[in-house]
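Worksheet for the structure shown next.
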Amino acid sequence: MPNTVIKITAEATGWHRNLRCESPELPDGWAVVPEAELAVLKARGGVVNFTVQTAPVSDYPDLADRRTGDRGAPYPVAAGLTAGTYVPPVTPEPVEPEPTDTEVLNALLGVSE
């Protein structure tokens with residue numbers, strides 16, 4: 001059974017990578033998104049806030065810890081999803097190209113092209 005998983009650490013824009021996972025292994029640094037929370041995740045496109053809690057194995061019997069293969073450990077779960085704040089990426093200031101040697105020499109000599 002596929003699960004939706006979300007990366008616990010957000011990008012600089014406030015967006016959390018998330019995907020529908022067919023793998024039976026939960027990657028390190030990711031949490032399962034409960035079905036009840038999917039509507040918020042989809043509505044916000046991954047720009048969300050949440051807390052990480054643990055769920056008993058019985059809630060996700062098809063998952064295994066990626067590092068150990070253990071199906072007996074509790075899994076991180078993204079709980080209480082709410083709308084996050086999107087932070088637009090910083091647009092760098094345009095950089096003027098450096099003048100060529102010819103342009104510098106012409107400027108020094110007062111030659112116009």
Side-chain angles (χ1 to χ4, degrees):
M1 175 177 175
N3 293 292
T4 298
V5 295
I6 189 167
K7 188 156 188 180
I8 295 170
T9 305
E11 304 289 329
T13 59
W15 179 73
H16 289 266
R17 292 177 56 199
N18 59 87
L19 53 96
R20 195 84 170 142
C21 182
E22 298 282 341
S23 171
E25 296 177 340
L26 182 63
D28 191 29
W30 292 69
V32 177
V33 179
E35 292 291 324
E37 304 279 0
L38 287 177
V40 175
L41 180 64
K42 289 178 182 177
R44 296 300 301 166
V47 180
V48 292
N49 296 316
F50 58 90
T51 58
V52 178
Q53 298 178 349
T54 55
V57 177
S58 60
D59 286 359
Y60 300 96
D62 55 329
L63 283 179
D65 186 297
R66 180 178 178 174
R67 293 159 291 175
T68 64
D70 183 18
R71 291 183 187 269
Y75 302 108
V77 173
L81 270 73
T82 58
T85 302
Y86 176 74
V87 180
V90 177
T91 305
E93 294 292 322
V95 178
E96 292 291 326
E98 292 291 322
T100 65
D101 291 342
T102 304
E103 291 170 334
V104 171
L105 185 57
N106 285 342
L108 290 172
L109 296 175
V111 177
S112 61
E113 294 181 31

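Residue numbers start at 1 and run along the sequence shown.
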Applying a strict under-4.5 Å side-chain criterion to I, L, V, M, F, W and Y, I'd like to know whether Val111 and Leu108 cluster together.
no
Please check this pair: side chain of Glu37 against backbone of Pro34, looking for a donor-acceptor N/O pair closer than 3.5 Å.
no
Kindly work out whether a path of hydrophobic side-chain contacts (I/L/V/M/F/W/Y, heavy atoms less than 4.5 Å apart) joins Leu38 to Ile6.
yes
Could you check Tyr86 against Arg44 for side-chain contact (heavy atoms from CB on, under 4.5 Å), going step by step and ending with a plain yes or no?
CA-CA 10 Å; Tyr86 176 74; Arg44 296 300 301 166; 5.6 Å; no
Should Val5 and Leu19 count as side-chain neighbours, where that means a heavy-atom distance under 4.5 Å?
yes
Closest contact, heavy atoms only, Ala31 versus Ala78:
CB-N, 3.8 Å
Could you work out, with side-chain contact (heavy atoms from CB on, under 4.5 Å) as the rule, every residue matching Ala10, not counting sequence neighbours?
His16
With a 4.5 Å cut-off on side-chain heavy atoms, are Pro76 and Leu26 touching?
yes
Under 4.0 Å between a Lys/Arg side-chain N and an Asp/Glu carboxylate O for Glu35 and Lys42?
no
Hydrophobic cluster membership, with links at side-chain heavy-atom distances under 4.5 Å among I/L/V/M/F/W/Y: are Ile8 and Trp30 in one?
no
Heavy-atom nearest pair, Ala55 first then Val77, reads CB-CG2, 3.2 Å
Got Val40 and Phe50 here, is their nearest side-chain heavy-atom distance under 4.5 Å?
no
Nearest heavy atoms of Gly46 and Asn18, plus distance in Å
CA-ND2, 3.7 Å
Using modelled atom types and a 3.5 Å cut-off, is there a donor and acceptor pairing between side-chain atoms of Gln53 and backbone atoms of Ala79?
no
Do you know which two heavy atoms are closest between Gly84 and Asn49, and how far apart they sit?
CA-ND2, 3.6 Å
